[in-house]
Amino acid sequence: MSHLPTSLKATTNVEQTSHSHQTTATTSNLHLIPGYRHTPLIGWRWQGLRMLNDPIGFFMKTYKAYGQISSWDNTDPKYIAIFGPTFHQALFTQSKQFIADAFRESQFPAGSPMERLSLGLLRINGEKHRQHRRLMQPAFKKNSIDQYLNSITSITQETLDTWSLNEVRRIDQDITCLITRISLKTMFGLEQNPLSKKLEHYIALLLKTAGSSTTLLFPVDIPGSTYRKMLQCAASIEAIIRNMIHQKCKASTQDYDILSALIAARDDQGIGFSEDELIGEAYTVLCHESSASAILWTLFLLDQHPEEYAQLLTELQTILNSKPPTIEDLSRLNYLDWVIKESLRLFPPAAFGIRYANEDAELNGYPINKDTTIFFSAYVSHRIPEVFNQPLRFNPQRWASLKPSPFEYIAFGAGEHNCMGRHFALLEVKLILILLLQRFRPSLITGSKVDRSMRISLVAKQGLTVRLEKPSRFLKAPKIKGNILESFEKNA
Ligand code: HEM
């Protein structure tokens, strides 16, 4: 089964694929989209179920079978998948034709708190989207973000003070709690108190219920349903954020946090966000599940690659000598930067994403009907050997010379909807990794099962249970099992 080389023009005729399910090309300039053979009675839904069961495995198989573009039903291209830089470029640069509309499939009741919470940047497009980004940009610029270094450092140190050497911990849960605390402090200015605990609880429950497949498959508001739980959580979260906005608006001085910056933001005409818009944008920037995912997969990869871990430890000890880093130190930690880039390449937290065709359109010579759902996947595209040499290898050193184009490396997205929180995310991911690795070497328990799974972000299905060893260059990688072993290749 051959991959379509990404270097080929995306207009490659579908007859060039070697798969038996392929369709034949059209005689016109436009090509038919190849794809899975039509399943009688249920059509594209069969592939939809496979996708829900294991999105990463499904997209990987789809790419291997059909290459850069394919449909879930070769007679009805309503759901398609695209991979690789040529298609990314076509998709992300035609933002009028291909729009972002996160949660479209989730069907939130119109005018409900859940709908308002979801109405952030990832659900709006065009001029309104550009206007919101302009208002938010100053608060997310690198210089503004660097000022959160002390808050992130002190919350992380406080958390690490409660951990001990040789302890066994569910580090996925620990990192999620830590990230939520940091997020509540930096985004909303909330210290740890009963209100922040309540909000933390509702956010965790909302992420769980909104990400559950029962919510997606049975969106019915009846007692006991995960859909109803999700709606109730959203109402509680909205009430808390609304109350916070009222208090911040009444305060005589501006607090130092992102929400306060968004409340104060005004465009050239002196117009700012409405209260409902603030709620949507505040909630969008509050959930940092992707940062937790990035930290966990980096720890996982370092544990499985002792040589790369040892090299990182040497860099941290040489440059920092067990002191917490300053902003200037961060810019000198090159190997750490490469480790994170490489981890985001192999395990991108936003492993796949969606766009919708807003009108009949064309994507690199393929016709796309209005309302077609188009999936793209950083996880798959970062594994294309023509773009990334030996793609399954965890090789931070490759970043010493690698300069991928914005459409080859899409861990933080591309085009108009690229990640607004990139500087924040990199600051928090770097600081947490440094402070943690200065004290401990988290090592998976031998025999652990690690399966990849998609919630909002790419996570380890069973979580990650580790022993907190002393930082040492002499530990071997523990043997593990699970489908994660398909996702990378250990270095020889
Ligand atoms: C390592 C952590 C993170 C990763 C890998 C990541 C990745 C991404 C990706 C891939 C997108 C584009 C989604 C799409 O095109 O459909 C995105 C959008 C976004 N991210 Fe992040 N993100 C991270 C952390 C954060 C954090 C911490 C914040 C907030 C402080 C944030 C705020 C946003 C916002 C607001 C958008 C929407 C931008 C728009 O639609 O214009 N992200 N992120």
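In listed order, ligands and their atoms are each counted from 1. Quick note: residue numbers are just sequence positions, from 1.
Close approach of ligand 1 to Glu416 (heavy-atom distance below 4.0 Å) involves ligand atoms 41 (O). Which parts of ligand 1 touch Asn418 is read off a 4.0 Å heavy-atom cut-off, strictly below it: atoms 38 (C). Short contacts between ligand 1 and His288, defined as distances under 4.0 Å to a heavy atom of the residue, involve ligand atoms 27 (C), 29 (C), 30 (C). Residue-ligand proximity, Leu122 to ligand 1, at heavy-atom distances under 4.0 Å covers atoms 13 (C), 14 (C), 16 (O), 37 (C), 40 (O). Those atoms of ligand 1 with a heavy atom of Met420 less than 4.0 angstrom away are 19 (C), 20 (N), 33 (C), 34 (C), 35 (C), 36 (C). Near Phe140, meaning under 4.0 Å from one of its heavy atoms, ligand 1 places the atoms 30 (C). When each atom of ligand 1 is checked for a heavy atom of His129 under 4.0 Å away, the hits are 39 (C), 40 (O), 41 (O). The distance from ligand 1 to the heavy atoms of Ala350 drops below 4.0 Å at these ligand atoms: 10 (C).
By the criterion of a heavy-atom distance under 4.0 Å, the side chain of Arg355, and not its backbone, is placed next to ligand 1. At a 4.0 Å heavy-atom cut-off, ligand 1 does not touch Arg422 at all. Neither the backbone nor the side chain of Met136 has a heavy atom within less than 4.0 Å of ligand 1. Contact annotation for Cys419 and ligand 1: heavy atoms of both the backbone and the side chain come within less than 4.0 Å of the ligand.
The closest donor-acceptor contact from the side chain of Asn125 to the backbone of Ala100 lies under 3.5 Å. Judged purely by atom type and a 3.5 angstrom limit, Tyr283 has no side-chain atom pairing as donor or acceptor with the backbone of Ile237.
Between Glu127 and Arg134 a salt bridge is recorded (basic side-chain N to carboxylate O distance below 4.0 Å). Salt bridge status for Lys78 with Asp371: absent, with no side-chain N to carboxylate O gap under 4.0 Å. Note on Asp337 versus Lys341: salt bridge recorded, some NZ/NE/NH1/NH2 to OD/OE distance being below 4.0 Å. With respect to the salt-bridge test (charged N to carboxylate O, under 4.0 angstrom), the residues Lys141 and Asp146 do not qualify. The existence of a salt bridge linking Arg133 and Glu416 is excluded, since no basic side-chain nitrogen approaches an acidic carboxylate oxygen closer than 4.0 Å.
For atom 7 (C) of ligand 1, the nearest non-hydrogen atom from the set Pro349, Ala411, Ser291 belongs to Ala411. When Ala100, Gly415, Ser290, Ala351 are ranked by how near their heavy atoms come to atom 2 (C) of ligand 1, first place goes to Ser290. When the options Met187, Arg133, His132 are ranked by their closest heavy atom to atom 38 (C) of ligand 1, first place goes to Arg133.
Cation-pi contact between Arg398 and Phe388: absent, since separation from the ring centre below 6.0 Å together with deviation from the ring axis within 45° is not met.
Aromatic ring orientation, Tyr335 versus Trp338: perpendicular (interplanar angle above 60°, classes split at 30° and 60°). Note on ring orientation: taking the six-membered ring where Trp is involved, the planes of Tyr63 and Phe83 are perpendicular (angle over 60°, cut-offs 30° and 60°). Between Phe424 and His288, the ring planes are perpendicular. Angles over 60° get that label, and only those under 30° would be called parallel.
Closest to atom 4 (C) of ligand 1 among all protein heavy atoms lies Phe412 CE2, 3.6 Å. Of the protein's non-hydrogen atoms, the one nearest atom 24 (C) of ligand 1 is Ala425 CB, 3.6 Å. The nearest heavy-atom contact from the protein to atom 32 (C) of ligand 1 is Gly421 N, 3.5 Å. The protein heavy atom nearest to atom 40 (O) of ligand 1 is His417 ND1, 2.6 Å.
Residues Asn150 and Thr153 bring no donor and acceptor atom of their side chains to less than 3.5 Å of each other.
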